[in-house]
Amino acid sequence: SITYNLVLNGFSKLERLEEVNKLISFMKQNGKFCELVSYNMWLSVLVRYGKLFEARLVVEEMLEKGIEPDIQTYNILISGLCQEVMFSDSSDVMALMRDKGVIPDVCTYCILLHWFCSKGKIGEANRVMDEMVRNDCTPNTVTCNILLNSLWKQGKAMEAEKLLQKMVQRGYELDTVTCNIVINGLCKSGKLEKALDIVNGMWDFGSVVLGDLGHAFLGLVDDHKNKTKCSPDLLSYSTIIYELCNMGRFHEAKKWFVEMKGRKISPDSILYDIFIHGFCKYGKLSSAIHVFQDLKKNCYLTTKSYNFLMHGLSKKGRTDEVYKLKSEMQEHGIPLNVFTYNNLIRCLCENEKAQEATLLMDEMLQAGVAPNASTFCLLVKSFCKVRDFASAKETLEISLKVLGPKD
RNA sequence: UUUUAUUGUCCAU
């Protein structure tokens, strides 16, 4: 069972939904799907994909089999419930938990805190903190990291530094995530050089480098308790490489990439995507294609990677190559999504083939992919380009019916 | 030895 669970976990981390489902039915056929751990994994996949109704059925199945949910099960479900519009208020969620007699743990509070912070509901976030304190639940580094990230995202750099200071005073360990939040915050507020210094410094001093930030926090970190100093990871490098690519500083980006690999950190498909997207943005398509080939050798291909490259190619009207990528995706069983189809439609639009664009729309509906505002926008543009204003108008009217008011 | 919370790309790809 453990072997099966390991593989199941692997597929779900790689977001290979097809394989996850196949493996689960295989396990069920062989009577290997009967443990709480397996159910928790399954639920977490369903919740990640927003399939709450299915998750509910799975819970019922568990209960029928007499498998008692644990706190992890509840936490997974709570993160799912956060996605529901009806739970837009923290007290709703808390009340629900009380009704169920569930004792929240620090993870539970972190899930809620993160949810409200990410929605900019700072008042609600504060109420979660209050509730946490009232229930004698001690915040940990993760809790602080969530708050720290939220402060940076709100542009409150000063308050973020004060929070760091507090963390140190109260003896919280600053970990790699803490450093990455600061690195990202610095990058996004135009202090890239400082961020680069921190990544370098972490190799020697761990989180102690954060003491060099300046302002409130100056020199307050010291490492005599910090026996296991933290090191930069893939995300540290991805963050700074993204920033460099975004500024067109590709030589430096490459230099950091090489340095990272020298430190025995392997790139993932997101890091490759960063390069592809950056090169496309600056019209360096042959470099983008080159990176894509590298990605193919080293990582699982994702729909997103294809889409980034197709987007760059379609903007330049390189239709043949885009279509070649499309068939490649189909050969490899990589699902096409709405953005893939939009990239294809963009090609036809560039080449003034509005009629074929309509066929593509049919194809995507057949494939069960719903168009978005961008799809309609591209179609209307296609029709206007060939001066078929009647069809353009018709398309626009359809889009008004199909899309929400916001779109 | 396996499962839940925080950090990187996109967000009209």
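Every chain is numbered from 1, with letters handed out A, B, ... down the list of sequences.
- The stretch residues 366-376 of chain A comes close to RNA chain B through Ser374(A), each having a heavy atom under 4.0 Å from the strand.
- When the P atom of rU13(B) is taken as reference, atom NZ of Lys316(A) falls 19 Å away, rounded to whole Å.
- Contact check on Lys162(A) versus Glu159(A) returns no salt bridge, with no Lys/Arg side-chain nitrogen under 4.0 Å from an Asp/Glu carboxylate oxygen.
- rU6(B) and rU2(B) are spaced 22 Å apart, taking the C1' atom of each and rounding to whole Å.
- Rounded to a whole angstrom, the distance from the C1' atom of rU1(B) to that of rA5(B) is 23 Å.
- Sequence neighbours left out, the pairs with a member in residues 358-369 of chain A that pass salt bridge (Lys or Arg N to Asp or Glu O under 4.0 Å) are Lys326(A)-Glu363(A).
- Applying the ring pair (Phe, Tyr, Trp, His ring centres under 6.0 Å) rule to pairs touching residues 41-65 of chain A yields Phe33(A)-Trp42(A), sequence neighbours excluded.
- Side-chain contact of Thr176(A) with Asp233(A): a donor-acceptor pair under 3.5 Å is absent, judged by distance alone.
- Evaluation of the salt bridge (Lys or Arg N to Asp or Glu O under 4.0 Å) test over residues 295-310 of chain A, restricted to residues two or more places apart or in two chains, returns Asp294(A)-Lys297(A), Lys296(A)-Glu328(A).
- Applying the side chain to side chain donor-acceptor pair (under 3.5 Å) test to every pair with at least one member in residues 284-293 of chain A, sequence neighbours left out, gives no pairs at all.
- Take Asp130(A) and apply the side chain to side chain donor-acceptor pair (under 3.5 Å) test, not counting sequence neighbours, and it matches no residue.
- Shown for residues 329-349 of chain A: residues whose heavy atoms fall under 4.0 angstrom of RNA chain B, namely Phe339(A), Asn343(A), Arg346(A).
- One can place CG of Leu23(A) at 17 Å from P of rU2(B), the figure rounded to the nearest angstrom.
- Aromatic ring pairs are classed by plane angle as parallel below 30°, tilted from 30° to 60° and perpendicular above 60°; the pair Tyr272(A) and Phe257(A) is perpendicular.
- Here salt bridge (Lys or Arg N to Asp or Glu O under 4.0 Å) pairs that include residues 27-40 of chain A, with residues two or more places apart or in two chains, are Lys28(A)-Glu61(A).
- Among residue pairs with one or both ends in residues 264-276 of chain A, none qualify as salt bridge (Lys or Arg N to Asp or Glu O under 4.0 Å); sequence neighbours excluded.
- Ring geometry, Phe250(A) versus Tyr282(A): the interplanar angle exceeds 60°, so the pair is classed perpendicular (tilted spans 30 to 60°).
- Comparing the same atom, C1', in rA12(B) and in rG8(B) gives a spacing of 23 Å after rounding to whole Å.
- Scored by the side chain to side chain donor-acceptor pair (under 3.5 Å) test, Asn135(A) finds Tyr109(A) as partners (sequence neighbours excluded).
- Taking 4.5 Å as the limit, every side-chain heavy atom of Tyr39(A) sits out of range of all side-chain heavy atoms of Thr73(A).
- A heavy-atom distance below 4.0 Å to RNA chain B is reached by these residues of residues 300-315 of chain A, ordered by number: Lys304(A), Asn307(A), Phe308(A), His311(A).
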Under 4.0 Å protein heavy-atom contact, by nucleotide of nucleotides 3-8 of chain B - B base, S sugar-phosphate only = BBBBBB

